[in-house]
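The sequence lines fix the lettering, A, B, ..., with proteins before strands; numbering per chain opens at 1.
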Amino acid sequence: MSDTRFDPAQADARWQAAWDKAQTFRADSNSAKPKSYVLEMFPYPSGRIHIGHVRNYTMGDVLARYKKATGHEVLHPMGWDAFGMPAENAAMEKGVHPGGWTRDNIEHMKAQLKRLGFALDWSRELATCEPDYYGHEQALFIDLYEAGLVYRKESEVNWDPVDMTVLANEQVIDGKGWRSGAEVEKRKLNQWFLKITDFAEELLEGLGSLENWPDKVRLMQENWIGKSKGLEFSFDLSNGEKLPVYTTRPDTIFGASFVAVAADHPVAQGVAMNNCDAAKFIETCKKGGTTAAELETAEKLGFDTGIGAVHPFTGEHLPVYIANFVLMNYGTGAIMAVPGHDQRDFEFATKYGLPIPRVVAPSVEDADKPFDGEAEAGEGVIVNSDFLDGMEVEDAKREIIRRIEQQGRGQGKTVWRLRDWGVSRQRYWGTPIPFIHCESCGVVPASKDSLPITLPEDVDFKTPGNPLLRHPTWKHVDCPKCGGKAERETDTLDTFVDSSWYFLRFASQPADKPFDKDEIAKWLPVEQYIGGIEHAILHLLYARFWTRALAHMGQIEVTEPFASLFTQGMVTHETYSRKEGGKTVYYAPDEISREANRALLSADGGEVEIGRVIKMSKSKKNVVDPDTIIDTYGADAVRWFMLSDSPPERDLPWSEAGIEGCSRFVHRLWRLFTAYDAGAQGEDKALARKTHQTIAAVAEDIEALGFNKAVARIYELTGAVEKAAPSASRSHAIRTLVQLVAPMMPHLAEEAWATLGETGMVADAAWPEVDPALLVEDEVTIAVQHKGKLRDTLTAPKGASKEDLEAMALASENVQRSIDGAEIRKVIVVPDRLVNIVT
RNA sequence: GCGGGUGUGGCGGAAUGGUAGACGCCGGGGACUUAAAAUCCCCUGAGCUUUGCUCGUGUGGGUUCGAGUCCCACCACCCGCACCA
């Protein structure tokens, strides 16, 4: 026993070294135990770990350590999403090499992670920027090509003029580059695409099986994939051409009063050739903003082309407009407009004085009911529609599709919002696309023997654009097919490709191929994947796509990589700012001294404004540095804070007072642990019960990732042990407490475990056993209510009869006073819970 | 606009339809100390005529012996998507 203070700095280092030495967290693929693959989204090596990483990885770590304690062979790896633009930006700004910069960052961040004592299998560490990773990615890319899932086409791309690169649709936010914030331009380039649309149906269907994913994420993916069923058919135009349109409401075809095409539709372009006004109008449309606010307020505008479209059933000539609200890249870029039953069409028709016929009504009698200032998009019966009259919407849809197909004019069609994934990036710091351009053979894949195609080291970043393109020798190679002179592809892959299969490489790392099928079958799927909600669509959809694509090619068997997904909340902090010369200047927490209701700037003692509690960000300076807080409080206090109070899916407000409270608790536990008396005798039934109830509750909470609740249980047990007199039960409670906190505060737990005289490490110890007999109380507190209001509580033996409870309740002085002689009409007794007397 | 989520003390948050506010933080009082730090103990939703009573989980209704929890309507905030035919 020792009454010296717990020294986190010393204990942290000692046990981190001990785990390393014993390879405690190494995953054994040949283990006979049930497996558990716990994975957190790997970080981009930006230079320093931020507090969000700490929260993310602490959650995963608790689960991994708990799984190990409960007899699982745990795979809990860590690696680096190491390609990407910040490295090139650093190269441009500081003149360092992206590779050197990235590897330095990795080294630093790895040391930071090690300081937190995470139970990671570092032997499986990988970095996507190393040839032994991206070389395999090149091989997989060629496999995908051979499976017909990779193609090249000239397409209009989103060109970021600042980063000089192409962006995916989803990387364009409000018309601006997601990283640079620059206004995105349209350019035509030859691009590599992955055929994710081939898997649209599967990816949508698969969501149904992902029961342990947040509904929110599933819904976001569903909307992103955007399946819609409808009819594509062609109008005959008065100029002799045919105009295909797409509609999800073929049932409303008799309500069509005009036809509209997108500004960049061929029909519109054709009209513009000999009509200046049309050309001008198209220009106006293109200038129209794409931001959310602008779209919301944008007026519906149109230009009458003078062309007529013949209605397939009535023969009527409908005017063809060019309209700013029709999109070229959805459906056919042309619509039949039904103002009565589509709000956009309604607004347009109102503006241009076009007819608004009603073809759907609540009932047949309402066929001529006027519209109340807006379109009616809902259900009903079809009216004013010839042979459709009286039909339900769904029946009418089928009927129209049948007739249109019979006429040979079109067919029922499913349209997807999801587009193919453009993966070409005109950057240096990415995986080189393993293809070669040959004048006689065309575009051919590199031979697999030539992999990895590595990036050249001698590059400069003094000029913007792609250094691979201007490198003097790198791109010149012989054609793998004909042997003639040829050139390498100089585009590199989108970094989302790198993160689309890293979870497979963690599970299996042969040198000669991307992974081993049997090893993947052993470890996948990931039992628990944890990361930020910001990856709800892109990363998670791409990873699901790659997994399915690889399964299709027979390379693996698993189709969904992440069985269970958890999206954790952000770490937030209040902001400190004040106006200085008209500008708002933000100050970091360590520049501030915080008092009860105000905050003062340490430098000059001036008061600063305390702002909202928001996500930590560099621009608002409301960040805390993990290294600093580990220095001050030790890894365990920091980990404990990450788990306390806030439910893990919600935001966690960082506070100085909060971390200090955690630190106090670390020391409080230590005092308790060092007061352990192995030889204490005697039973303390109440404490024993509390101990066993806590073991069960903490286990349940950890499995449900309810860390804040587990923390509260541990506080309760701690309080109970502190109050208890020495006994065998108390000694058992203390030993149990060490084990319960071990996943959360592993360093303190190891230190205590040794102090208690246990052999081996607590990290290797089995989770404490629960005695089911001790989970139930033998006395319970019964609430006594009069007309639903609490009047008294009483203690009764567990399982007491209804009659006894009723008698005890009626004997209560408080209850009698409340009843005050009134007639008792009913008595409700819930055994072991309450008695409610109704008068 | 559409879709989803969340509203509980000063704060973070607990509560299978059954004692609202567990647990933590903040705050107040006390003990120990020459003093401080550390530690420990007590109090801490609001109000009242304080053995006890009334009110109280965003607002208004409803179901029920009993509602934070279920149902209906509304309000506020947050997130996602966005003229997707």
Side-chain N,O (A:Y330) to OP1/OP2 (B:A85) below 4.0 Å: yes
Anti or syn - B:G28, cut at 90° from 0: anti
Heavy-atom neighbours of A:E534 CD exceed 12 at 6.0 Å: yes
Listed partners of A:D651 passing salt bridge (Lys or Arg N to Asp or Glu O under 4.0 Å), at least two apart: none
Rounded interatomic separation in angstrom, taking CZ from A:R218 and P from B:G3: 19 Å
Beyond-backbone contact of A:L219 with A:N223, side-chain heavy atoms, under 4.5 angstrom: yes
Residue-phosphate contact under 4.0 Å: A:R833 side-chain N/O, B:G17 OP1/OP2: no
Salt bridge flag under 4.0 Å for residues A:E716 and A:K690: yes
Stacked cation flag A:R417 on A:Y330, 6.0 angstrom / 45 deg: no
Partners meeting salt bridge (Lys or Arg N to Asp or Glu O under 4.0 Å) with A:D645 (sequence neighbours left out): none
Give me the distances for all protein-to-nucleotides 52-54 of chain B N/O pairs that come in under 3.5 Å?
unit_1 : atom_1 : unit_2 : atom_2 : d
B:U54  : OP1    : A:R791 : NH2    : 3.3
B:U54  : OP2    : A:R791 : NH1    : 3.4

Rounded interatomic separation in angstrom, taking CD from A:Q221 and C1' from B:C81: 14 Å
Pull out every protein N or O sitting under 3.5 Å from an N or O of nucleotides 38-48 of chain B, one pair per line with the distance.
unit_1 : atom_1 : unit_2 : atom_2 : d
B:U39  : O3'    : A:R671 : NH2    : 3.1

Polar atom pairs between nucleotides 7-12 of chain B and protein, under 3.5 Å, N or O only, would you list them?
unit_1 : atom_1 : unit_2 : atom_2 : d
B:G12  : O2'    : A:S646 : OG     : 2.6
B:G12  : N2     : A:D645 : OD1    : 2.9

Sub-4.0 Å heavy-atom contacts from residues 704-714 of chain A onto RNA chain B, ordered by number: A:N708, A:K709, A:A712
RNA chain B stem ranges, 3 or more consecutive Watson-Crick or G-U pairs under 3.5 angstrom: B:1-7 with B:75-81, B:10-12 with B:23-25, B:27-31 with B:39-43, B:45-48 with B:52-55, B:58-62 with B:70-74
By ring pair (Phe, Tyr, Trp, His ring centres under 6.0 Å) - contacts of A:F254 (at least two apart): A:H311, A:F313, A:F387
Can you check nucleotides 64-67 of chain B for protein contacts, nitrogen or oxygen pairs under 3.5 Å, and list what you find?
unit_1 : atom_1 : unit_2 : atom_2 : d
B:C65  : O2'    : A:N836 : ND2    : 3.4
B:C65  : O2     : A:N836 : ND2    : 2.5

All salt bridge (Lys or Arg N to Asp or Glu O under 4.0 Å) counterparts of A:R671, not counting sequence neighbours: none
Results of ring pair (Phe, Tyr, Trp, His ring centres under 6.0 Å) for A:H786 - residues two or more places apart only: none
Results of ring pair (Phe, Tyr, Trp, His ring centres under 6.0 Å) for A:F325 - residues two or more places apart only: A:F348
